[in-house]
Amino acid sequence: MPFQVFQTEVKSVLSATCGFIAEAGFTHSLTPARNCTFACSYCYVPTMRVQGGLKPDDWKQWGQFTTFKANAPELLRKQLRAEQTIYCSPLVDPYQPAEEIEQLMPRILDEALARPPRIFTIQTRGPLILRDLDRLLALSRWTSLRVSFSLTTNREDVRRWYEPRCATIEDRLHTIRELRAAGIVTFATLAPLLPCDPEELAAIALDATDRDIIADPLHVRAVKRHGATTREAAIEISRRREFSAWLDPEFQAAVVERIGRVVTNAGRRFATGTEGFRWLAQ
């Protein structure tokens with residue numbers, strides 16, 4: 001599906017954190033764009049609406065376009081500080097498909113390299129991150145760089161149903177391995193947990209990375225009473241494909257327990273929620 005790419009200028013690109021990201025230990029978040037062209041069916045961001053800094057067209061046409069913050073590098077030049085712990089990004093994937101056109105992340109990384117924060121964490125599911133490997137390596141010499149790479153299922157059919165614009169499972173595993181081989185601290189983050197074989201998903205994550213494993217189920221209102229939640233599009237796919245159990249809190253807890261058992265038996269730590277994401281801020 002084609003998408004449009006726009007640019008805008010903003011007053012600030014670094015935001016003081018609150019909620020989940022603050023509880024995990026990050027002081028600031030860095031979001032390079034508004035709206036994400038991965039358009040994942042489950043993405044919680046459009047359910048945040050204005051609280052996520054979105055405009056009405058963003059949540060009504062999620063994934064059909066994106067608006068890059070064109071002056072982000074210039075703002076970072078003024079806003080970066082050595083004591084900051086930065087999460088990039090809670091609201092869009094910094095290596096979304098449109099980034100291949102825009103090429104904003106290399107400029108952002110150059111600014112971080114010129115003024116290294118204490119910790120810089122990149123959350124992505126995009127193999128495009130390998131394009132910037134030289135810059136990542138340079139930055140890792142001056143700051144604690146973390147990459148949290150999203151791995152949601154071991155089933156390619158499930159991936160196509162829920163996140164058709166994302167890279168294949170094998171491409172994602174390849175990216176994790178390449179980052180690891182280059183010396184970049186890279187976590188395989190099993191979030192959100194889509195329908196899968198829990199033991200197999202845990203095994204491929206353990207094989208791809210030498211780090212502890214972080215996971216999180218799909219958000220459901222029965223557990224998360226307020227704030228962002230799973231989009232209706234993913235709920236409908238789950239119903240249509242007979243995966244509704246994956247939205248049941250007790251079923252989710254059982255899946256998490258099965259994954260955790262495999263991980264801990266392999267001698268690694270396993271955690272969900274802020275406990276796991278706190279490892280990305282250390």
Side-chain angles (χ1 to χ4, degrees), residues 19-20 23-24 36 38-48 52 59 62-63 90 93 123-125 148-173 176 187-209 212-266 268-277:
F20 182 94
E23 290 170 16
C36 182
F38 272 132
C40 298
S41 64
Y42 47 76
C43 184
Y44 63 84
V45 175
T47 73
M48 297 173 69
W59 68 73
W62 186 251
D93 192 308
Q123 178 71 52
T124 186
R125 64 197 60 219
S148 172
F149 205 93
S150 180
L151 191 63
T152 54
T153 181
N154 67 302
R155 292 180 50 176
E156 190 59 25
D157 57 343
V158 169
R159 187 216 42 98
R160 288 194 299 268
W161 292 330
Y162 285 88
E163 44 180 32
R165 293 193 199 169
C166 293
T168 65
I169 297 161
E170 189 49 49
D171 282 349
R172 284 148 91 161
L173 290 169
I176 294 169
F187 288 78
T189 302
L190 314 182
L193 282 168
L194 299 180
C196 64
D197 177 322
E199 286 77 14
E200 174 63 20
L201 180 59
I204 63 175
L206 286 166
D207 180 67
T209 179
D212 299 317
I213 303 296
I214 303 165
D216 256 335
L218 288 162
H219 296 302
V220 288
R221 278 286 176 243
V223 174
K224 193 172 185 290
R225 299 290 185 182
H226 306 287
T229 191
T230 299
R231 288 174 66 208
E232 184 62 35
I235 296 172
E236 179 55 35
I237 292 169
S238 300
R239 291 176 182 145
R240 192 166 64 248
R241 299 291 178 179
E242 299 184 349
F243 289 137
S244 293
W246 289 81
L247 299 167
D248 175 76
E250 290 187 9
F251 185 91
Q252 290 182 337
V255 169
V256 167
E257 184 179 354
R258 289 168 64 184
I259 292 173
R261 192 178 305 121
V262 174
V263 174
T264 54
N265 285 344
R268 310 254 194 105
R269 291 185 301 171
F270 174 75
T272 60
T274 53
E275 181 185 353
F277 276 79

> Side-chain contact, heavy-atom cut-off 4.5 Å: F243 with L194?
no
> Would you confirm whether D216, through its side chain, and T272, through its main-chain N or O, come within 3.5 Å as a donor-acceptor pair?
no
> Answer whether the closest heavy-atom distance between the side chains of Y42 and I235 falls below 4.5 Å.
no
> What verdict does the side chain to side chain contact (heavy atoms under 4.5 Å, CB included) test give for R269 and V263, after you've listed the backbone C-alpha separation in whole Å, the side-chain angles of each residue and the deciding distance to 0.1 Å?
CA-CA 7 Å; R269 291 185 301 171; V263 174; over 6 Å; no
> Looking only at heavy atoms, what is the nearest atom pair of V45 and P90, with distance?
CG2-O, 3.9 Å
> So, S238 and Y162: side-chain donor and acceptor under 3.5 Å apart, yes or no?
yes
> Ignoring hydrogens and geometry, is there a side-chain-to-backbone donor-acceptor pair from E199 to I259 under 3.5 Å?
no
> If you look at every heavy atom in G63 and A39, which pair is closest and at what distance?
CA-CB, 3.6 Å
> Would you kindly say whether S150 and Q123 are connected by a side-chain donor-acceptor distance under 3.5 Å?
no
> For N154 and D197, indicate whether the former's side chain and the latter's backbone hold a donor-acceptor pair under 3.5 Å.
yes
> Within a strict 4.5 Å, meaning less than it, do heavy atoms of the F38 and C43 side chains meet?
no
> What closest approach, in Å, do T153 and C196 show between heavy atoms, and which atom pair accounts for it?
OG1-CB, 3.5 Å
> Can a salt bridge be assigned to the pair R239 and E232 using a cut-off of 4.0 Å between side-chain N and carboxylate O?
yes
> When you look at L173 and I204, which way does the side chain to side chain contact (heavy atoms under 4.5 Å, CB included) test go after all the steps?
CA-CA 8 Å; L173 290 169; I204 63 175; 4.1 Å; yes
> Should F277 and F20 be marked as a side chain to side chain contact (heavy atoms under 4.5 Å, CB included) after you check the CA-CA gap, both sets of side-chain angles, and the distance that decides it?
CA-CA 9 Å; F277 276 79; F20 182 94; 3.7 Å; yes
> Got a donor-acceptor contact below 3.5 angstrom from the D93 side chain to the R125 backbone?
yes
> Around E242, counting heavy atoms of other residues, nucleotides and ligands shown, do more than 12 lie under 6.0 Å from its CD?
no
> Test side chain to side chain contact (heavy atoms under 4.5 Å, CB included) on E257 and F270 and set out the steps.
CA-CA 10 Å; E257 184 179 354; F270 174 75; over 6 Å; no
> Say whether, by atom type as modelled, one donor and one acceptor occur between the side chain of N265 and the main chain of R261 under 3.5 angstrom.
yes
> Between CD1 of I214 and CG of L190, what distance do you get to the nearest 0.5 Å?
9.0 Å
> If we ignore hydrogens and angles and just use 3.5 Å, is the side chain of R172 paired with the main-chain N or O of C166 as donor and acceptor?
no
> My understanding is that only one of I213, L201, T189 makes a side-chain contact (heavy atoms from CB on, under 4.5 Å) with L151; could you say which?
L201
> Side chains of R231 and Y44: does their closest heavy-atom pair fall under 4.5 Å?
no
> Counting N and O atoms only, with roles assigned by atom type, does the side chain of T230 sit under 3.5 Å from a partner on the main chain of H219, one being a donor and the other an acceptor?
yes
> For residues T47 and T229, is any side-chain donor paired with an opposing acceptor at under 3.5 Å?
no
> Let me confirm one number: the CH2-OG distance from W62 to S41, rounded to the nearest 0.5 Å.
12.5 Å
> Test your reading of the model: is there a side-chain donor-acceptor pair from Q252 to the backbone of W246, 3.5 Å cut-off?
yes
> Does the side chain of P192 reach to within under 4.5 Å of the side chain of T152, using non-hydrogen atoms?
yes
